[in-house]
Every structure is written in C-alpha cells, then in structure tokens.
Amino acid sequence: MTLPVGIHDISFATTHYALDHAVLADRLGVDVDKFYLGIGQTHMSVAAADEDIVTIAAAAAKPILDRHGLDGVRTVLLATETGVDQSKAAGLYLHPLIGLPNAARVVELKQACYGGTAGLQFAAGLIARDPSQRVLVIAADIAKYELDTPGEPTQGAAAVAMLVSADPAILRLDDHSGLYSADIMDFWRPNYRTAAVVDGKTSVNAYQKATQEAWSDYRRGGGRDLTEFAAFCYHQPFTKMAYKAHRHLLESQGHNPESADIEAAIGHTAHYNRTVGNSYTASLYLGLAALLDHADDLTGLPLACISYGSGSVAEFFSGTVQPGYRTHLRTAANKAAIGSRAALGYERYRQLHEAVSPIDGKYHPVEAETARPFRLAAISGHKRIYESR
Ligand code: COA
C-alpha cells in the first residue's frame with residue numbers, strides 16, 4: 001500500500017488593504033456588475049508600501065510553525081511569480097522573521113500560477129523517500145496588471161502555507177496526477193516589468209484546453225471518474241474562470257450540466273478568492289481552504305484540484321479529506337484575515353500601484369503602513385530589511 005502523504009495543515013494570509021470593486025467601477029465608468037457578476041469579483045487585496053510576498057508569506061507560515069514546531073522540517077519550498085530577488089530565494093528572508101531551521105534546503109519555485117502545485121508534488125516526493133520529514137510549502141503572490149486595462153480588476157494578493165507530511169490530518173493526496181504543458185504566450189512578465197502582460201481571451205481558452213488535457217492524462221493514468229468528486233478546486237484568476245473551466249470540462253466529457261450542478265461543485269471554493277482577487281500561485285489553495293471552511297462535512301470524500309499556470313503548465317490531481325480534518329482548520333483566522341483588511345481609497349491605490357522601488361543603493365526607510373505582523377522596514381545598500389511588528 002502506498003504511503004499516505006498530503007496536507008497536514010493549511011494557513012493563509014493576505015494584505016493590509018482591500019479595494020472594493022465598486023470604487024474601481026465608478027472610476028472606470030463601468031457597470032459594477034461586470035465585476036461582481038461578469039468576472040465574479042467583489043474586492044481585491046492590495047499590498048501596503050511596506051508589504052510584499054515575503055511579509056505575507058511569513059504571516060501565512062508562522063501559525064503553522066507555532067502549532068507544529070520545526071521537527072522534521074528540512075525543506076522549505078516557496079512558490080511565487082512576484083519574487084523580490086533574481087538570485088536569492090524569498091524563503092531565506094523568512095529565517096529571522098519566523099525562525100526557520102538552518103538544517104534545511106530553502107528554494108524558490110516559479111512557473112506562473114502553477115508553482116505552488118510543483119511545491120506540493122515535490123514535497124510529496126521527498127516525504128515518500130523519508131516519511132519522517134515534513135515540508136513547508138508556501139505559495140505567495142501579488143498580482144499586478146497595468147492600470148486602466150482589462151486585467152486591472154483581476155489583481156489581488158495572498159499567501160498560503162501548507163505543511164506536507166506523511167499521515168496528513170487534512171487531505172491525503174492520490175497517487176494519480178494528470179499533467180499538461182505547452183509553450184503559449186497567454187500571460188507573462190519580462191524581467192523589466194512590474195506588471196504582467198496578459199492576453200486575457202487567449203488565457204481563458206488556454207486554461208480550458210489545459211484543464212481538459214490534464215484531465216485526460218489523469219484518466220489515462222487510472223484516475224477517478226468525474227462523477228466521484230465531492231467538489232472541484234480550480235485556480236481562480238477571477239472566480240468566474242473556475243465556473244467556465246468546469247463547464248468546459250464537463251461538456252468535453254459529454255455531460256450537460258445545469259448551472260446548479262456547477263455551483264454545487266465550485267461554489268464553496270470561491271468564497272475567499274471572490275474578495276481577495278487573484279493570488280497567482282496561492283489561488284488554488286485559497287480555494288481549497290475556502291471549501292474546507294464552508295462545506296458540510298467532507299470526511300472521506302474525494303476532491304479534485306486543477307492547477308493552471310500560464311505559459312503553460314496544468315495539473316489535475318486529487319485527494320481524500322481525512323477523518324477529523326475540521327479540528328485542524330483555521331476558519332476563524334482565515335475569515336479574520338479577510339475581514340480585517342482596511343478599505344483602500346482610489347487615490348492611495350493609484351499611488352501604491354505607481355510606486356517604484358529605489359535603485360540607487362542608498363538607505364530608504366519605508367513608512368509604517370501595514371497592521372499585519374511583518375513589514376518591509378527599509379531598502380538599504382540594495383538589501384531588503386524586514387521586521388516583525
Ligand atoms: N453585468 C454582468 N456581466 C457583465 C456586464 C454587466 N454589466 N458587463 C460585462 N459582463 C460580463 C461579460 O459578458 C463577460 O462574461 P463572459 O466571459 O461570461 O462572456 C465578463 O463580464 C467579462 O467581460 P469582458 O468584456 O470579456 O471583460 P474584459 O474584456 O474586460 O476582460 C478578462 C475580462 C478576465 C479577460 C480580463 O480581466 C483579464 O484579462 N484578466 C486577466 C486574466 C488572467 O490573469 N489570465 C492569466 C491567468 S489564467
């Protein structure tokens with residue numbers, strides 16, 4: 001029998017600010033229902049000047065270390081596509097902030113929004129080799145698109161941290177996994193840009209095709225039937241995308257779903273993403289956390305997870321919800337992370353969006369703004385200096 005490996009704990013954090021899409025719609029002269037209903041987003045998380053993926057990653061991971069300690073943690077995998085350095089792994093900045101072990105490998109992973117799933121699967125492989133080990137996987141991103149473009153309302157930010165272990169308390173991963181990768185330019189960010197370039201319509205089509213192909217590969221490998229799953233957690237660049245992809249997948253397999261069927265399969269996964277916005281690598285796992293926090297008892301039921309990263313790589317994988325999982329959830333903390341965000345006015349939103357990092361190597365203190373536990377205090381000598389609040 002294969003060793004049970006999977007998600008033992010899951011925790012998420014988001015930024016200090018939230019921008020209401022009603023504010024954005026008003027400024028852009030757009031009917032707000034295009035955002036609320038058309039793309040399925042009500043708000044988006046926005047980073048304060050003293051927040052970045054390191055500060056939100058630390059905030060997501062700390063509760064996991066507080067609960068479980070560091071025993072057996074010899075690998076930390078941080079997936080992001082909004083890294084703060086081209087060489088140094090962002091996870092290394094977490095050492096002094098949350099006390100990561102020195103006897104560990106700490107690596108940053110990148111493949112657009114798919115990177116967190118790469119981390120999860122690499123972690124499962126390491127644990128299969130040595131079940132005494134546990135791996136901290138963190139997916140953290142701040143989604144940024146140009147102002148006044150179609151992508152603007154699909155920004156957002158969050159980090160999800162997961163402790164992956166043998167004999168997991170929350171989700172046991174199935175052995176079968178379906179893969180699909182292809183070279184496509186649907187979304188990318190050259191090194192000289194802070195905002196992504198996206199061909200929105202191409203990305204919607206590429207996402208749907210990749211989902212179908214990854215599903216086919218999953219089935220060829222002996223995966224479960226579509227009708228077996230209690231719910232489907234999709235990557236959600238905007239929540240409507242999950243609904244589109246699921247309908248596409250069902251129809252491609254000869255089903256003719258009613259809207260209520262789609263809602264039953266997807267609905268709970270969208271609670272957090274709808275108000276947090278796109279969090280790239282973290283998005284799928286925010287969907288998983290929302291499902292676990294909101295659905296009726298899922299004990300023993302199989303879940304499908306569909307990961308998509310533009311460019312592109314997709315993976316269809318699955319797992320079984322473990323007995324007693326509810327006692328391990330962080331539902332109150334998750335809701336508080338979202339509910340405690342400060343409302344962001346439009347002028348400050350634009351200032352934050354247009355701010356550029358200093359590049360002269362001098363000492364640049366960053367004014368305190370976030371109420372979250374960790375902040376970027378200064379940039380000095382081209383070094384980022386973080387502090388706990
Ligand atoms: N009320 C309700 N719905 C409305 C509406 C209104 N007043 N006005 C428009 N809509 C609907 C449209 O019908 C459309 O729905 P549909 O897709 O089901 O047909 C939806 O709102 C979006 O409208 P559209 O005109 O297509 O929006 P857009 O051209 O501004 O682009 C995205 C939308 C999602 C393509 C764009 O925001 C984007 O590119 N985002 C980035 C996506 C991304 O990150 N991809 C990479 C990762 S997968």
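For clarity, every value in this text was computed on a predicted model and none was experimentally measured. Just so you know, ligand 1 is whichever comes first in the structure, and atom 1 is the first atom listed for that ligand.
- Closer than 4.0 Å to atom 36 (C) of ligand 1 lies at least one heavy atom of the protein.
- Residues F317 and I127 are members of one and the same hydrophobic cluster, defined by side-chain heavy-atom contacts under 4.5 angstrom among Ile, Leu, Val, Met, Phe, Trp and Tyr.
- Hydrophobic clustering keeps V46 apart from V276 (ILVMFWY residues linked when any side-chain heavy atoms are closer than 4.5 Å, directly or through intermediates).
- Remark: distances from the non-hydrogen atoms of Y36 to ligand 1 are all 4.0 Å or more.
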Candidate pair D293 and H271, rule side-chain hydrogen bond (donor to acceptor under 3.5 Å, both in side chains), full reasoning: CA-CA 10 Å; D293 285 348; H271 287 299; over 6 Å; no

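- Considering S203, A25, G151, G38 only, the shortest heavy-atom separation from atom 45 (N) of ligand 1 involves S203.
- Counting heavy atoms under 4.0 Å from ligand 1, residue M241 does not touch it at all.
- A chain of hydrophobic side-chain contacts below 4.5 Å, direct or via other Ile, Leu, Val, Met, Phe, Trp or Tyr residues, connects Y272 to L329.
- Annotation for ligand 1: atoms under 4.0 Å from non-hydrogen atoms of K240 are 18 (O).
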Trace of the side-chain contact (heavy atoms from CB on, under 4.5 Å) decision for E315 with V313: CA-CA 7 Å; E315 181 159 349; V313 177; 5.7 Å; no

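- Of all protein heavy atoms, the one closest to atom 39 (O) of ligand 1 is G200 CA, 3.2 Å.
- D33 CG: more than 12 foreign heavy atoms inside a 6.0 Å radius.
- At least one donor-acceptor pair under 3.5 Å links the side chain of H21 to the backbone N or O of H43.
- Closest to atom 44 (O) of ligand 1, if we only count protein heavy atoms, is Y145 OH, 2.4 Å.
- Of all the atoms in ligand 1, the ones that sit under 4.0 Å from a non-hydrogen atom of D33 are 1 (N), 2 (C), 3 (N), 6 (C).
- Residue R348 qualifies as enclosed at atom CZ: its count of foreign heavy atoms under 6.0 Å is above 12.
- Of all protein heavy atoms, the one lying nearest to atom 48 (S) of ligand 1 is P237 CG, 3.6 Å.
- The only option from L3, T2, I7 that meets the side-chain contact (heavy atoms from CB on, under 4.5 Å) definition with V5 turns out to be L3.
- Of the protein's heavy atoms, none falls inside 4.0 Å of atom 13 (O) of ligand 1.
- I142 and L24 end up in different hydrophobic clusters when Ile, Leu, Val, Met, Phe, Trp and Tyr side chains are linked at under 4.5 Å.
- Of the candidates Q155, Q41, K244, H235, it is K244 that places a heavy atom closest to atom 17 (O) of ligand 1.
- Proximity to V198 (heavy-atom distance under 4.0 Å) selects the following atoms of ligand 1: 43 (C), 45 (N).
- Salt-bridge formation is detected for the pair E347/R27: a Lys NZ or Arg NE/NH1/NH2 atom is positioned less than 4.0 Å from an Asp or Glu carboxylate oxygen.
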Salt bridge (charged side-chain N to carboxylate O under 4.0 Å, His left out) assessment of D148 paired with R350: CA-CA 11 Å; D148 307 320; R350 278 195 87 107; 3.5 Å; yes

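- The shortest N or O to N or O distance between P150 and ligand 1 is under 3.5 Å.
- Applying the 4.0 Å criterion to heavy atoms of F238 picks out, from ligand 1, the atoms 34 (C).
- Considering both main-chain and side-chain atoms, D31 comes within under 3.5 Å of ligand 1 through a nitrogen or oxygen pair.
- In this structure, the protein non-hydrogen atom closest to atom 41 (C) of ligand 1 is T154 OG1, 3.3 Å.
- Atom 32 (C) of ligand 1 is never approached by the protein to below 4.0 angstrom, counting heavy atoms only.
- Closest to atom 5 (C) of ligand 1 among all protein heavy atoms lies K34 CA, 3.5 Å.
- For S318 and D174, the side-chain atoms include at least one donor-acceptor pair closer than 3.5 Å.
- Among protein heavy atoms, the minimum distance from atom 22 (C) of ligand 1 is reached at I39 CG2, 3.9 Å.
- Scanning all protein heavy atoms for the shortest distance to atom 26 (O) of ligand 1 gives K201 NZ, 2.4 Å.
- The residue from S310, C113, A112 that puts a heavy atom closest to atom 46 (C) of ligand 1 is S310.
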